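Note sheet for the following structure.
Lettering of chains follows the sequences in order, A, B, ..., and the numbering in each one begins at 1. Bear in mind the structure is a predicted one, so any value in this text is a computation, not a measurement.
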There are 2 protein chains.
Amino acid sequence: MRYSATHKQETREKLINTSREIAKKDGFGGTGVDAFMKAIGLTGGAFYTHFESKAELFAELVEHELEFSTEMLAGDEDAPADHVARKLRSYLSSAHALHPETGCVLPTLGPEIARASPEVKARVEKSLKRLRDAWSERLDDDDAGWALLAQCVGALILARVVESERTRREILGASRRFLERAEKAPRK
Amino acid sequence: MRYSATHKQETREKLINTSREIAKKDGFGGTGVDAFMKAIGLTGGAFYTHFESKAELFAELVEHELEFSTEMLAGDEDAPADHVARKLRSYLSSAHALHPETGCVLPTLGPEIARASPEVKARVEKSLKRLRDAWSERLDDDDAGWALLAQCVGALILARVVESERTRREILGASRRFLERAEKAPRK
DNA sequence: GTCTATATGTAGATAGAC
DNA sequence: GTCTATCTACATATAGAC
């Protein structure tokens with residue numbers, strides 16, 4: 001054949017990774033197949049050599065996103081004692097709010113995932129539970145896992161729907177301080 | 001004329017209110033003008049008697065959403081002492097998670113608002129700040145206003161991206177307990 | 001004010017040349 | 001494997017009849 005043995009796989013991976021950024025920036029539904037392909041230097045017609053449908057790309061893209069995010073946020077045995085606190089600070093930053101294309105998938109594609117197929121949502125659930133378990137275990141706090149995740153996702157959404165940078169920083173700051181305080185509270 | 005004096009205004013209001021539900025359920029970008037009009041028994045052509053563009057409907061719709069939500073959540077002088085706690089419980093409910101069409105706009109259209117015009121985002125910011133102020137004042141807690149809002153929005157997103165009802169309830173329950181605990185914590 | 005018909009663009013997806 | 005060309009559907013928006 002005219003292409004190397006690994007060419008197809010490489011193209012597919014490039015397509016997924018580039019599409020991840022574009023979808024987080026402009027929305028998945030709001031971006032056409034042609035635009036995804038053009039971003040890696042190809043034309044729309046070649047898309048269907050790699051995926052049976054646009055929906056299949058969405059499923060793949062979301063899986064990659066959550067695999068990447070949860071691994072990064074969960075941390076391993078070598079992580080420092082303040083691992084979660086560090087991740088919270090970087091997640092709840094103005095830089096994150098201003099760059100959806102390289103950030104967490106949930107504040108950008110959350111509603112689109114919510115409308116996706118049960119198969120997609122089941123995989124998302126599996127990844128999120130792993131992250132929740134990691135955080136709850138690390139903090140020895142059953143509720144904190146889900147609660148901290150929710151606080152992160154919600155604060156990012158709020159930070160992005162407001163117009164002024166000042167308010168954006170207020171939201172993120174309030175969120176960070178609130179979480180620090182909560183972790184010191186008695187757990188009835 | 002063949003129509004009553006108030007007919008146009010009534011049609012416009014019906015269009016906005018019906019569109020609010022549809023957009024929260026299926027997404028605004030994912031719904032065509034024809035679908036919005038068909039839902040109130042009209043055809044697509046009549047849309048432009050009421051709005052100059054689809055984007056103008058979005059702006060109007062979001063404004064109505066936030067006006068309605070913030071008024072409901074903020075509460076007035078007559079509200080009971082546990083007003084915020086009550087609102088948190090109903091917001092963080094499985095019923096809310098399962099019915100986006102009648103629920104809060106932020107967990108459904110948040111990312112679309114984030115990509116909207118500065119004018120739209122400025123109005124959203126104004127409404128949200130009012131709600132934040134109301135909650136912070138009521139709880140005598142500067143950070144709690146934004147933090148509680150973020151917790152609500154994020155928990156709803158998480159609750160909707162998972163597949164099982166069991167996990168959905170875990171997320172919402174953990175969020176509720178976490179907030180109750182946090183309000184009893186010392187504020188540095 | 002609403003209708004049908006239509007202009008125009010773009011969407012997802014397929015066919016066949018290379 | 002990727003290209004161009006194309007099918008079909010549906011998008012936003014407009015024009016003119018009623």
Query raised in the report: Does Thr11(A) have a side-chain nitrogen or oxygen under 4.0 Å from the phosphate oxygens OP1 or OP2 of dG1(D)?
Result: no
Query raised in the report: Does the distance from a Lys or Arg side-chain N to an Asp or Glu carboxylate O, for Asp82(B) and Arg86(B), drop under 4.0 Å?
Result: yes
Query raised in the report: Taking only residues two or more places apart in sequence or in another chain, which ones pass salt bridge (charged side-chain N to carboxylate O under 4.0 Å, His left out) with Arg12(B)?
Result: Glu60(B)
Requested in this report: Under the salt bridge (charged side-chain N to carboxylate O under 4.0 Å, His left out) rule, collect the residues that match up with Arg115(A), sequence neighbours excluded.
Outcome: none
Would you tabulate the side-chain donor-acceptor contacts of residues 92-109 of chain B under 3.5 Å, counting partners in other chains and residues two or more places apart, or write 'none'?
| residue | atom | partner | partner atom | Å |
| --- | --- | --- | --- | --- |
| Ser93(B) | OG | Ser90(B) | O | 2.8 |
| Ser93(B) | OG | His96(B) | N | 3.1 |
| Ser94(B) | OG | Glu165(B) | OE2 | 2.5 |
| His96(B) | ND1 | Tyr91(B) | O | 2.9 |
| His96(B) | NE2 | Cys104(B) | N | 3.0 |
| His99(B) | ND1 | Glu101(B) | OE2 | 3.2 |
| Thr102(B) | OG1 | His99(B) | O | 3.4 |
| Thr108(B) | OG1 | Val105(B) | O | 2.9 |

Query raised in the report: Is there any ring pair (Phe, Tyr, Trp, His ring centres under 6.0 Å) pair reaching into residues 17-44 of chain B, and which pairs are they, with sequence neighbours excluded?
Result: Phe28(B)-Phe36(B), Phe28(B)-Phe58(B)
Rounded to whole angstroms, how far apart are [atom1] on [X] and [atom2] on [N]?
X        : N       : atom1 : atom2 : value
Tyr3(B)  : dG1(C)  : OH    : P     : 9 Å
Lys8(A)  : dG1(D)  : NZ    : P     : 4 Å
Glu56(A) : dG12(C) : CD    : P     : 15 Å
Glu10(A) : dT2(D)  : CD    : C1'   : 16 Å

Requested in this report: Report the residues that fulfil side chain to side chain contact (heavy atoms under 4.5 Å, CB included) with Lys8(A), sequence neighbours left out, ordered by chain and then residue number.
Outcome: Thr49(A), His50(A)
Query raised in the report: Near DNA chain C, which residues from residues 24-55 of chain A have a heavy atom under 4.0 Å away?
Result: Thr31(A), Gly32(A), Val33(A), Gly45(A), Tyr48(A), Ser53(A), Lys54(A)
